Amino acid sequence: MEMSEQPRSRRQTRAAILGHLLQSGGMFRPPLAKAVRLSEASLSRILFDLKAEGLIEEIRRPAPYFGGPTALVSLDGSVALAAIELTGQSLSVGVGAMSGELHYTERLPLPKTPTAESVGRVFLEALTSLRDWTQRHRVRLSQIGVSVPGLGRLSVSDNPIIPCDVGRIRGMLGEMFAGVQAEFTNSVVAHATFHRCRTEDYPFSGAHLFVFVGQGVAGAWMDDAIDADALQPVELGHMVFGEGGPRCRCGHHGCVEAYTSLPALAGLLGMSEPELLQLGSDWVAAMPISPRVRQELRHRLYRLGLAIGNTLNVKPCCGVAISGWPSLLAETDRKALIDGIDACLLGGRKLAQVSLAFVPPSNGNDPRAALAFAAYCLACRGGMPAASTEAA
């Protein structure tokens, strides 16, 4: 993770250090100092503070070369984070470490026809269980991350996918976990954070577009900076391709989501969404696909590519990472998606200098995406209390 400029405040400096440790899993002092553009003496002073606050630790490891350092700087495994993740079928809560390891999880099913009131009751039950577990195990939380599908950047209480009153839920968190910083985000941002920090050999290190094909279809602009505004959700799923197309849950007809979301894929394969989710990543091998269905599948992937290409025309970037069921398909099927992107970009991907990569689906691993987002939030504020970050 390259930094464009020298950190300008104590919080930014600490955030840069914690961010590098979060994404790398641990670094020796010399390369860490170089990455955050600090002298080793300055870095040592900050590491001393972070270690005293219980945020990092140094573990003895064999030197990477003869005469090199032997102490690996990593995030302290005792830092506890809470993860809360809402999906189309359930609400998951958990407690884990910044490394991604979960110590406690619980999953509560949502009502078949959810309303803001009924989803609020599920949240109350889940948060009560989470509070009871932390009290029983004497766990002190450092951050709470909440992932909600379809949550807008500017609208906190309105949600187009699963009805829930975010303001009410925020109030519950304030009452049950007083003094613990809680941050809400769109599901696509949480999954983007998860892949950036947890996927081995993640394909991009610079600014790029992350696309998540799941219950809906959305994207996130990814930046290198460890900052609250570095991850921005972008709506892809409601580009309309034809008034006569299938009805989307947003009320329109012919949206790309109505063609390519998991519910749409399940319908094309002749099964229910729960049955498809139960198969997980094995559906590609388990489900025989007829030539007619495969042709329709490629046609839908082409439309998804058009949506991605349209987004890149509005805001160009050098890379696109795609996660979700398309990443499970053979290269011959995925070519339709790539052709759709090329049809939108002037001169195609080559002249536009856009790289494309597919990363594994992260559906069904909740609340790991919310846990990764919680770790990212803690790193963003440099591990400092909220009041301190405002003054920094």
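Since the model is a prediction, treat every value here as computed from it, not as a measurement. In this chain, numbering begins with 1 at the start of the sequence shown.
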Inspect the contact between [Y] and [X] and indicate whether a charged nitrogen and a carboxylate oxygen are less than 4.0 angstrom apart.
X	Y	value
Lys335	Asp339	yes
Glu117	Arg168	yes
Glu125	Arg121	no

In terms of hydrophobic clustering (I, L, V, M, F, W, Y; side-chain heavy atoms under 4.5 Å; direct or indirect links), are [X] and [Y] co-clustered?
X	Y	answer
Leu124	Leu173	yes
Ile308	Val234	yes
Val284	Leu279	yes
Val95	Phe194	no

Which residue pairs pass the salt bridge (charged side-chain N to carboxylate O under 4.0 Å, His left out) test with at least one member in residues 257-274, sequence neighbours excluded?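 Non-adjacent pairs meeting salt bridge (charged side-chain N to carboxylate O under 4.0 Å, His left out): Arg249-Glu257.
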Would one find more than 12 heavy atoms of other residues, nucleotides or ligands at under 6.0 Å from atom CD of Gln295?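 No, CD of Gln295 has 12 or fewer neighbouring heavy atoms, counting only those of other groups under 6.0 Å.
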Can you tell me if CD on Glu53 sees more than 12 non-hydrogen neighbours from other groups inside 6.0 Å?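 Above 12, so yes.
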Would you confirm whether [X], through its side chain, and [Y], through its main-chain N or O, come within 3.5 Å as a donor-acceptor pair?
X	Y	answer
Gln143	Gln181	yes
His253	Gly245	yes
Asp333	Arg294	no
Arg349	Gln353	no
Glu235	Gly237	yes
Gln232	Trp221	no
Ser327	Val359	yes
Arg300	Tyr259	yes
Arg196	Gln23	no

Partners of Trp133 by ring-ring contact (aromatic ring centres under 6.0 Å, His included), sequence neighbours excluded?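 Listed in chain order: Tyr104, His137.
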Run the side-chain hydrogen bond (donor to acceptor under 3.5 Å, both in side chains) test on Ser323 and His195 for me, step by step, so that the C-alpha distance in whole Å, both residues' side-chain angles and the decisive distance to 0.1 Å come before the verdict. CA-CA 9 Å; Ser323 174; His195 280 288; 3.2 Å; yes
In a check of side-chain contact (heavy atoms from CB on, under 4.5 Å) between Met98 and each of Asp76, Ile56, Leu75, which one passes? Leu75
Let me know which of Arg11, Arg10, Gln12 forms a side-chain contact (heavy atoms from CB on, under 4.5 Å) with Arg14.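 Running side-chain contact (heavy atoms from CB on, under 4.5 Å) over Arg11, Arg10, Gln12 with Arg14 returns exactly one hit, Arg10.
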Could you report the tightest heavy-atom contact between Ala379 and Gly19, atom names first, then the distance?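 In terms of heavy atoms, the two residues are closest at CB-N, 4.2 Å.
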Residue pairs passing the ring pair (Phe, Tyr, Trp, His ring centres under 6.0 Å) test where at least one lies in residues 317-353, sequence neighbours excluded: none
Rounded to the nearest 0.5 angstrom, the CG-CZ distance for Leu328 and Arg334 is 9.0 Å
Any chance the side chains of Arg29 and Ser44 put a donor and an acceptor closer than 3.5 Å? yes
